[in-house]
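Report on the following structure.
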Amino acid sequence: MKHTTYKYLFALILAGGLSSCRKNLLDSLPNDRVSANIFWKTENDALLADNALYTDLDGVSIFTWDALSDIAHTNQNFDTQAFIELGTYDIANAKIYNEWSAAYTGIQATNYFLENIDKVSSTNTTLINRFKGEAKVLRAYQYIKLAGFFGDVPLITKTLTIAEGQQVTRTPVSQVWDFVDKELSDAAALLPATYGAADKGRVTSGAAWALKARADLWARRYQLVVDAANQVKGYTLYSSYQNLFKYAAENNSEVILDKQFLKDTYSNGVFALLAPYSQKNAQSYYVPTKSLVDAYETADGKNINDAGSGFDPYHPYDNRDPRLRFSVFVDGDALPSGIAFKPAPNSGTADAIGSTYIASTTGYNIKKYINTEDYANPSNSGINIILLRYAEVLLTLAEAKIELNQIDQSVYDAINTVRNGRSDVKLPNIATGLTQEQLRQIVRHERTVELAFEGLHLFDIRRWKTAETVMTGPVYGITYSDATNKLVTVQVVSFNRVFDKSRHYLWPIPQKETNLNPNLKQNPNW
Amino acid sequence: MNINFLNKLLINKLARVTLLSIVMITFTSLLFAETISGQTITDTRVSIKLENASLKTALLQVEQKSGFIFVYNERLLNPYGNFTLNKEKITVADLLNLLLKKTDLTYQVHDNKVLIIQKEKPKPVVQKPVVAIPVSGKVTDDKGLALPGVTVKVKGGSAAVVTDADGNYKLTVNEADATLVFSFVGFKTQEVSLAGKQELNVQLAVSSGQLDAVVVVGYGTQKKTSLTSAVSQVSGNTLVQRPVSNVQQSLQGLAPGVTVLDRGGSPGRSSATIRVRGITTFNINNSSTGGYDLSKNDALVIVDGIEQKLTDINPDDIDNVSILKDAASTAIYGSRATNGVILITTKRAKENKLSINYNYYYASQNAINKPQMMGLKAYMRLEQVAYTNAGAALPARFTDESINTWVNATDREKYPLPNTWFQTMLHSAPQQNHSLSIAGGDDKIKARLSARYLDQDGIVVNFKDQIKEVKLNTDYTAAKILKFSGDLNYRTNYSTVPTVDPFNNFYHGSLWAVPKYPDGTYGLSTQGNNPLMFAEKGGLSSQYDDNLIANLKAELEILPGLKLSTQYGARVEYIQQKNFTNSYSNTDKNTNITKTVANNSLTEVRNNLREYTWNNLLTYDKTIGKSAFRGLVGYSEIYDTQSYLTAYRERFYNNDVESIGQGANDGTKSNSGYDANFGLRSYFGRVNYAYDNKYLFEANGRYDGSSKFTGDKRYGFFPSFSGGWRVSQEEFWDGLKNTVNDLKLRGSWGKTGNQSVDLYSYYSALALTTYTFGGTSAAGYRQSTLANTNLGWESTTQLDLGFDATFLNNRLSVTADYYRKVTNDILLNLGIPATVGLNAPPQNAGSVENKGFEFSVGYHGGESGFRYNINANLTINQNKVLDLKGTGPYITGSDIDPRYIVKVGLPVNTLWGYKTDGLFQTQAEVNSYPTYAANSKPGDVKYVDLNGDKKIDANDMTAIGNPFPKYTFGLSSDFAYKNFDLNFLFQGAAKVDTRLSGALAEMGNQEGFTSSVYTNNYWTPDNTGARFPRPIKFDLRNVATSDRLIINGSYVRLKNIQLGYSLPKETVSKLHLSRIRFYISATNLLTFSKLNEWKLDPEVESGRATYYPQTSLYTAGINVQF
């Protein structure tokens, strides 16, 4: 009797436990993410997915590329990309893997988008087509980079399973260029020439044509370059080169494609990355070299080494192409904090060469995108990073025509517009009646200085096959007067570049990737 | 919600539980329903455990367990009590003899009834007039308490007496030098020669439990003798011998198969890891410099039936720790058991008597090691050489003239030493702990209440930890058949660390800075660093970690031997973090270098975890003749929910106004968070069968369903089988029994699982992203991780063969195990081709094998005055990756940091890099061999061109070291002499490697700490026999990951030594106390290791050693018992 009571009591306890038991214990679903199954229904879904594609555009990473060319230098020698500059890199290099994988992340996103966009129920075909056009351009953007870095790469136009990913093979680079060329033409037809204020930064038809011109230039398909460049309409050079990289000039008439940023919500750290060390311990991650600084002409359009150029080694920055001081911090320049930039080793300032491994080892710092507004919060910059601007289109057109030997006035016009088409860059016109070879050198020079630190020079020295010449030997920096007023040129400590032309024109396919997919054959001599 | 619905719900649930009960009962009935009639009291065996029981209670227990009915007059039994005994499988007859031995009672058996009656008065015996020497004495236990009931025998004779209630005995012997044999259950038998004495007092040592010990196993206990699986036990007493603040550390060296890696860690946030029988899994995607993420190898920790974390558990509350190692013991935990299970049982009130315990200790903590910078002159000369080798001009500081000035200077504010951080910032710090427990109760209600307060300062400023804790364990006996227990534990851990971690700057980027000027301002290195300033002025990160654990349990004995229990446990953890970064500005007054943190900022974190566990067990125990059955079926549910919230604001009015609402209310403020939940539903069971206590068999099974998987992968089944043969119980062993007292062979096989995979890995989801157009923020959604709906359990199959043996009168015990553990379908975030374009989902891929041996040897010896115990253990573990599904190898790291590889045929996370062949000595040698960098010179490292392709590159790398020790061992010992006790523990590891990197490896080539190891030991044309290569400023050619930077991490250390003194009994009783003991101890007193040369702890993880250092403790403490 009593025992029965206890048993009832116990049953009650069990029942109490049961009442807290969960029938759907094992069916917990997350409420902190959106299921792929409920997506792709409305136009707004398409818009949201389209917005996300833009995050794969490059931002401050473009600065890393020029730092692998002769015009800039990776300041910290233990950075993995310094090993590329040194020529000691191998198939395990992290920088190479990161570029490869970032590009394919962008490609996957656009492939996924293009596979699903038609599930959206919408009668607004113009809008849907625009979305498709944006995606196609953004995908082509990634392939242009990949082809430039690696040559043959797997051409992937649909989402892959892991098994498929382990099977893909490299597509000959010419087919990659074919694909890029066609995609960009197709996309141009789907895209508007301009957007309203709220959509500034989206891909336009002009961006499609301009990228096509870039791609065809890299592919050496010069006639296609000319055709595409001529389709880029409605853009003009911005009146001021000095202000081109400032907040006030965002979305100006010269910008064709950019990565848009917004302080606080979608910011980049360009100031902290590039500014001199004295600027709140900014990092000087990539710094200009003597080779670039010396390339700027004198104000009257002469090479500094030319007889009668008027170049004064004791005042090396006076009377120069103004773009030098718009692009590079040189001795004596005012810094955002208000102090003067004093990089000489004997200057005793935080920016003095050798004061710390963080300070610029060449004595130069990149000035483009370094805005006083960002000094207050160096890692929270909202400045848009320009990926393609009209000056490049002009120089691309000129270069293609020179290579085609279709040298006409339009070639001179394009180059001269860049040299003196702005209020603050007024270099004399180039001489007329030049040979193809002379013009080739001129347009290359012009690209180098006009587009310095904009992520193109690494690809240019590969196309021009000049890397084997310019990428060897020590890296040099400023020339300063020592205590005895003797001129001393700074050489970066322990930094000797080596370029093996038998293999360094293309990066190796990353080891991680070939380990996972033996079908990926390696580039020559790697 | 309407009431009808609620009713329905309840009825539904009740129906379900009833069904469950029926299933359970039917199952057990099927197994144990048979009963054999016609048993006699000589062939029925029972197990009985009595603590201060009355004779009546004892008989009631025997009645319940044996099925015999006892008939007696209660008044007859009343005078007898105080029975404390613990007998397993004793025949009822023997047991009755034992119980009635000292009484005037005896028994008669009629059928299945046992009649307890009064003995007939013994008839007076006429003494024979032979030589009879009277001998008397007292028998006590190791604490000096009288032992009644001890059998005292004359060796070789038949006379035997039993000690009385005060432990006194009297007997007569025939020879003056006869030997007396003292034996008592639960104590070690002692033989003492009289040697002419007529009074002989004997102290019996507790048998440290070889034969009678009970081992805690999954969902129950088992006698050690009948155990067929590999389980290590550590008693709570052993744990508290080392006054460390967390239990992980205190387990180090105590049990075979358990590898504890103590890698420093600040107070309250220590980072010791426990690995049971090696590493079974790894997480590929993590590309930290520490190699692949191994956190999913943590053992499952169950405290009183509820999963908990091991950190912060009060060591004084721990009664016992069981470490389940093989599959036979762990399979009952199924999907969470692959990495072993650590079962902790906390102390409960045992006796009716009230007992109060108070423990206090005060300890002084010190860094064990203080890395030493090269001497000033030697360092500056090294820099000269380094710059010269780099072909660079000497900076002003390193000219001969400057070196001279610097070395001869006395003003170290103007001419500071390059690096003094280890000497100036590491100071000794106090740690103290109060721990109080009160236990007692009566037959109906017992309770133990404990409280603790731990206060630990850091050895670096602003590191601190405080733990406050209360724990209440209660037991209620509602009736003989119904018992309850209710436990409550609240613990709060408050810890602080500087927001800006200073340790990296101990080594890196902080040379030539004056730590602090007398006026309170700081010196700065050229990089603007000063770790002291960061620690003092950078801001404070404080964390409250509140834990509340409630645990209710009810147990009903449905029929004799058949018990049903249910346990409901809730664990709530609430973490509140405030990370405040101060704004400040500091200018080095000598150099004018300024460091400014313009904005102060606050990140607040709230992390909430709730986990509910519901365990139901039905157990059955039955002995029939020589067969003993035990069975268990169970059902369990775990539901876990977690929410995480973080908020950020900056620019507060000043550094003291640190409330989230007071920061700038603009675009810089932000918040973020996530929610997560998971569930686990399990059905499990166990069957034990023993025949004649000789042949043992056990089977376990668990069927687990987890919300982490979907579809037909949701449930997994994990079985295990084990068997044992007590060879020493066989008749043929009788001749050997005196040599090998006990020998058991055992073997087991089973499968366990691992479900440590990120939640919702099977769920294809889109994540929110942000972009911006035209200056306006724009939301976006995208895939980021590939979903894997095919994800299933990781399973480990483990074979274990072992034996337990005792020798020398059970004084020497030996246990040995061989195991082979193969983990298949490892849940890997296996690298996937980047061309897939998404983050890798976890996949079931790959196999890892761990195999090895474990040995432990224990000896307890000594006589009444001097007693000692020695325990030694050794673990040999060999880890190997068997299969990666044809993918891989996977390599992490870079040239300047350790590289790790996961590759078939090698241990997980093998150190990977170049082989070296000394240094190039001549230019001719350089010219004739491939070099790593162009322009190599004599004095550079000669990396081996392993594949012979005339290039030194990634293809030449090979395995160069093993970061997880192959051998770990411990040797502990206790000694007691009179009122003194001494214990120590040596512990160590062998076949383990460490790869130094960062400043430690770069020998002054960058701007970091430069170890004194390099002094006069780098290559120069005059010192070609040097151990280290030529220094080259800002050049990394000689520090690429290679075997040259691998240091043998083997070590032996005196982990702990403690000396205690207990006040004599008389003094203590005068104070109305029952015990007072004082002790002093030291941890990490002595270390033998190759890393001593570097002034680094041998347990340093490969890498830069930039962590809160390991400490040694000097402690003084007191235990008081009321």
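Here is how names work: the chains are called A, B, and so on, in the same order as the sequence lines, proteins then strands, and each is numbered from 1.
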Quiz prompt | Residue pair B:Ala598 / A:Lys280: nearest heavy atoms and the distance that separates them | solution = CB-NZ, 3.6 Å

Exercise. Please check if any side-chain donor atom of A:Thr55 sits under 3.5 Å from a side-chain acceptor atom of B:Arg782, or the reverse.
Key: yes

Quiz item: Between A:Thr356 and B:Thr526, is there a donor-acceptor pair closer than 3.5 Å when you use the side chain of the first and the backbone of the second?
Solution: no

Quiz item: With a 4.0 Å cut-off, would you call A:Asp27 and B:Arg714 a salt bridge?
Solution: yes

Practice problem: Please test A:Leu53 against B:Tyr771 for side chain to side chain contact (heavy atoms under 4.5 Å, CB included), starting from the C-alpha separation and ending with a verdict. | Solution: CA-CA 9 Å; A:Leu53 300 180; B:Tyr771 193 67; over 6 Å; no

Quiz item: Which atoms of A:Val34 come close to chain B, meaning under 4.5 Å heavy atom to heavy atom: side chain ones, backbone ones, both, or neither?
Solution: both

Self-check item: A:Ser278, part contacting chain B, at a heavy-atom distance under 4.5 Å
Solution: neither

Self-check item: N/O donor-acceptor pair under 3.5 Å between A:Glu513 side chain and B:Ala834 backbone
Solution: yes

Quiz prompt | Contact check, side chains of B:Ile891 and A:Gln511, non-hydrogen atoms, under 4.5 Å | solution = yes

Practice problem: Keeping the roles fixed (side chain from B:Gln783, backbone from A:Ala109), state whether a donor-acceptor pair exists under 3.5 Å. | Solution: no

Quiz item: What option among B:Gly509, B:Ala676, B:Ser670, B:Ser777 has the most heavy-atom pairs under 4.5 Å with chain A?
Solution: B:Ser777

Practice problem: Indicate yes or no: at least one non-hydrogen side-chain atom of B:Gln527 is less than 4.5 angstrom from one of A:Tyr277. | Solution: yes

Practice problem: Using a 4.5 Å cut-off on heavy atoms from C-beta on, say whether the side chain of B:Leu766 contacts that of A:Arg33. | Solution: no

Self-check item: Aromatic ring pairing A:Phe39/B:Tyr781, orientation class (parallel under 30°, perpendicular over 60°, tilted between)
Solution: tilted

Quiz item: Does the side chain to side chain contact (heavy atoms under 4.5 Å, CB included) test come out yes or no for A:Gln166 and B:Ile832, once each step is laid out?
Solution: CA-CA 8 Å; A:Gln166 287 162 342; B:Ile832 60 172; over 6 Å; no

Quiz item: Is it the side chain or the backbone of A:Thr80 that comes within 4.5 Å of chain B heavy atoms, both, or neither?
Solution: side chain

Quiz item: Any idea which of A:Ile38, A:Asn517, A:Asn281 has the most non-hydrogen atom pairs under 4.5 angstrom with chain B?
Solution: A:Asn281

Quiz item: Shortest non-hydrogen contact from B:Ile638 to A:Leu25?
Solution: O-CD1, 3.6 Å

Quiz prompt | Part of A:Ala350 lying under 4.5 Å from any heavy atom of chain B | solution = neither

Exercise. Show the numbers, then the answer: is there a side chain to side chain contact (heavy atoms under 4.5 Å, CB included) between B:Leu1036 and A:Phe83?
Key: CA-CA 10 Å; B:Leu1036 298 161; A:Phe83 297 4; 4.0 Å; yes

Quiz item: With distance as the sole test, does A:Asn51 use its side chain to make a donor-acceptor pair with the main-chain N or O of B:Ala779 at under 3.5 Å?
Solution: yes

Self-check item: Test ring-ring contact (aromatic ring centres under 6.0 Å, His included) applied to A:Tyr54 and B:Phe773, step by step
Solution: CA-CA 10 Å; A:Tyr54 282 84; B:Phe773 292 107; 4.9 Å; yes

Quiz item: Below 4.5 Å, heavy atoms only, C-beta onward: do B:Lys708 and A:Leu26 meet side chain to side chain?
Solution: no

Practice problem: Give, as side chain, backbone, both or neither, the part of A:Ala198 having an atom under 4.5 angstrom from any heavy atom of chain B. | Solution: backbone

Quiz item: Looking only at heavy atoms, which two atoms of B:Pro833 and A:Leu516 are closest? And how far apart?
Solution: N-CD1, 3.7 Å

Practice problem: Side chain from CB out, backbone as N, CA, C, O: work out which of these in A:Asn98 comes under 4.5 Å of a heavy atom of chain B, or both, or neither. | Solution: neither

Exercise. Decide yes or no for B:Leu838 and A:Thr159: does some side-chain heavy atom of the first lie under 4.5 Å from some side-chain heavy atom of the second?
Key: no

